[in-house]
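Just so you know, ligand 1 is whichever comes first in the structure, and atom 1 is the first atom listed for that ligand. Residue numbers start at 1 and run along the sequence shown.
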Amino acid sequence: MGFRIKKSYWILILGIVILGGCVYKVAHGSNQPDEGTEFVIGVSQANLTEPWRVAMNDEIRKEADRHKGLQVIFTDAAHSNDKQKQDIDKLLGFGIDLLIISTNDSENLKPIIAQVHKKIPVIVLGRAIGGYDYTLFIGPANETIGRNAGQLVADLAGDQQVNLVEIQGLAESPPVLERSKGFKEILQNHPNIHQVDTIVADWNRDKAEDQMLETIKNHPQIDIVFAHSDAMALGARRAFEKKGIQGVKIIGVDGLEGENGGLDLVRRDILTGTFAYRTGGKESIQYAMDLLQGKSGIPKKILLRVNKITKDSVDQYVHNKQNILHAPKQHKHPIELGFVQVGTESSWRAANSSSIKKAAQDFGIELKFKNANQSMENQIKAIRSFIRERVDVIAFSPVVQTGYEDVLREAKMAGIPVILTDRELGLKDDSLWLTSIGSDFQEEGRRAARWLLEQTKGVKKEINIVELQGTSGSSPAVYRKKGFEELLKNNSNYHIIASKSADFTKEAGRRVMKEYLKKYGDKIQVVYAHNDDMALGAIEAIEESGKNPGKDILIISVDATREALNALSAGKLNLTVECNPLLGPELMKAITDYVEGKEIPVKIITEEGIFSQENAKRDYLNRAY
Ligand code: GYE
């Protein structure tokens with residue numbers, strides 16, 4: 001090799017040797033994995049100046065230490081996109097089996113991540129990247145942080161007229177966009193709260209201090225500050241102190257432990273409140289090992305639970321974190337799961353029920369299964385019976401988004417965790433359920449619209465759409481509609497001329513489509529059905545009217561069942577957006593993780609794709625449902 005190793009490297013290598021089970025390396029020297037190494041994971045960090053990222057790497061090290069034969073190699077991009085790309089190349093040069101990356105700039109690094117994803121699994125940590133070219137995203141529920149911060153500001157303001165300043169991190173970065181979106185969603189209902197300024201401080205404390213000093217010059221009367229990180233919130237406090245201004249309520253985000261961490265700042269009344277969530281470092285190694293060991297039930301995204309921290313709750317939060325949250329749970333043997341299904345309204349639902357029954361068997365979990373025939377009342381009755389039977393865990397798919405608050409409070413009082421599968425609730429208090437496993441319905445609606453816009457690109461004339469909605473008030477119907485309209489609203493020649501519920505059933509889909517054909521006839525160019533069953537019903541109605549479905553009228557749906565792929569191959573359907581019903585393995589994994597004392601993310605989002613006439617034939621045969 002004939003090269004001399006500088007003194008500092010020797011100290012480093014010595015340091016490496018001393019560190020026990022898992023071997024960490026900083027990307028230097030030889031690129032041969034150490035003796036007895038089974039897996040090598042590369043961790044590409046955006047920088048190590050943000051306290052939150054230092055905490056994330058510490059968590060990764062701690063969790064990795066529990067896995068013998070695991071080697072972890074860290075790199076630090078020091079706020080540079082080019083350096084981060086070089087780091088990735090270097091890590092690939094080390095022959096890593098999996099990449100964990102927390103991006104400096106998500107958009108800029110998206111292409112190289114897509115490249116790496118073609119070769120090895122990629123876990124994106126903290127800052128989301130658009131698109132689907134990665135294996136798993138782990139990050140905080142940022143919109144929830146924004147909404148909860150908005151609610152805390154509203155609670156602090158009461159009905160007083162108050163002046164507010166928002167301090168944002170890196171402009172246009174996903175956490176900033178999502179936190180601001182959630183924040184504004186709440187503030188718009190409180191006209192007494194006036195946002196007098198918005199500061200962009202790039203997650204940097206000193207920058208926040210300097211800019212707040214400028215803002216104070218223009219706005220001497222500031223009552224509340226919401227900063228997207230505790231470090232920037234501390235910067236703001238320092239600015240007010242410099243100006244001798246007391247009594248401004250300052251809210252941060254991150255809630256890290258340690259001196260000047262958010263928990264400490266709240267305890268010392270420097271901050272009025274903060275929002276604590278895990279960095280995801282620990283989860284990234286747990287899921288990385290599951291991936292490397294080929295385990296099933298790996299989702300596409302997990303969103304980490306957010307905890308509001310104020311002076312009154314900080315000690316309880318730390319106590320729970322240290323003693324309760326990670327303690328293995330008492331349970332029957334085998335574990336007893338009470339599951340309440342929506343009904344039997346569609347072939348998607350049938351696939352979902354069999355996936356849950358099969359996974360319970362595979363995981364050795366005792367399943368009590370009840371079918372509610374699309375009735376919320378039946379579901380509430382069934383949940384109450386499971387509470388009386390003191391099952392270990394209750395899981396259900398809520399028919400609609402509202403009406404379950406009381407029974408969920410009863411389950412919480414009884415100490416029985418509840419898991420939402422497939423459909424979500426419209427309740428703000430997410431402490432009423434352990435986690436929610438399912439799809440991103442709004443993204444499904446966006447995918448349907450994205451395809452339609454692409455398909456009809458350049459068409460100048462009016463495009464009339466009729467919509468077959470799912471069960472009214474159900475989360476898939478509400479959000480598939482919202483996502484679809486979100487992308488169409490900026491295109492003025494697209495019109496939804498009729499929209500009605502057909503309750504996710506084929507029969508109702510056929511009936512409502514017949515009504516539409518009678519009323520609008522040739523005016524209809526597109527059908528957007530919230531599920532395949534309704535679309536297949538509509539296809540029958542269109543054929544009975546003498547028209548060619550898929551040709552005279554474009555048909556877009558959701559689920560991607562085998563029947564739909566058949567209709568695609570026959571040219572009668574044009575697109576179906578996948579909604580994965582095979583939630584059994586993820587549900588059982590969440591339950592076993594929970595009883596083992598692992599912390600469960602607040603939202604687990606499944607992997608999904610889209611099917612068009614082009615790929616339907618290819619994928620039809622090995623379609624699981
Ligand atoms: O799309 C439909 C079923 O809740 C996501 O319900 C599920 C929906 C699915 O009836 O086929």
Give a yes or no on whether Lys482 atom NZ has more than 12 heavy-atom contacts from other residues, nucleotides or ligands under 6.0 Å away.
no
With Thr561, which of Asp532, Asp533, Thr576 fulfils side chain to side chain donor-acceptor pair (under 3.5 Å)?
Asp532
Please list all pairs passing the ring pair (Phe, Tyr, Trp, His ring centres under 6.0 Å) test where one or both residues lie in residues 340-374, with sequence neighbours left out.
Phe339-Phe369
Looking at Lys358, I want to see if its NZ is surrounded by more than 12 non-hydrogen atoms of other residues, nucleotides or ligands under 6.0 Å.
no
List, ordered by chain and residue number, the protein residues whose closest non-hydrogen atom lies under 4.0 Å from any atom of ligand 1.
Glu345, Ser346, Trp348, Arg349, Asp422, Arg423, Phe441, Pro476, Arg480, Phe504, Asn531, Asp559, Cys579
Asp593 and salt bridge (charged side-chain N to carboxylate O under 4.0 Å, His left out): which single residue from Lys598, Lys295, Lys282, Lys329 fits?
Lys598
For atom NZ of Lys481, is the number of surrounding heavy atoms from other residues, nucleotides or ligands below 6.0 Å larger than 12?
yes
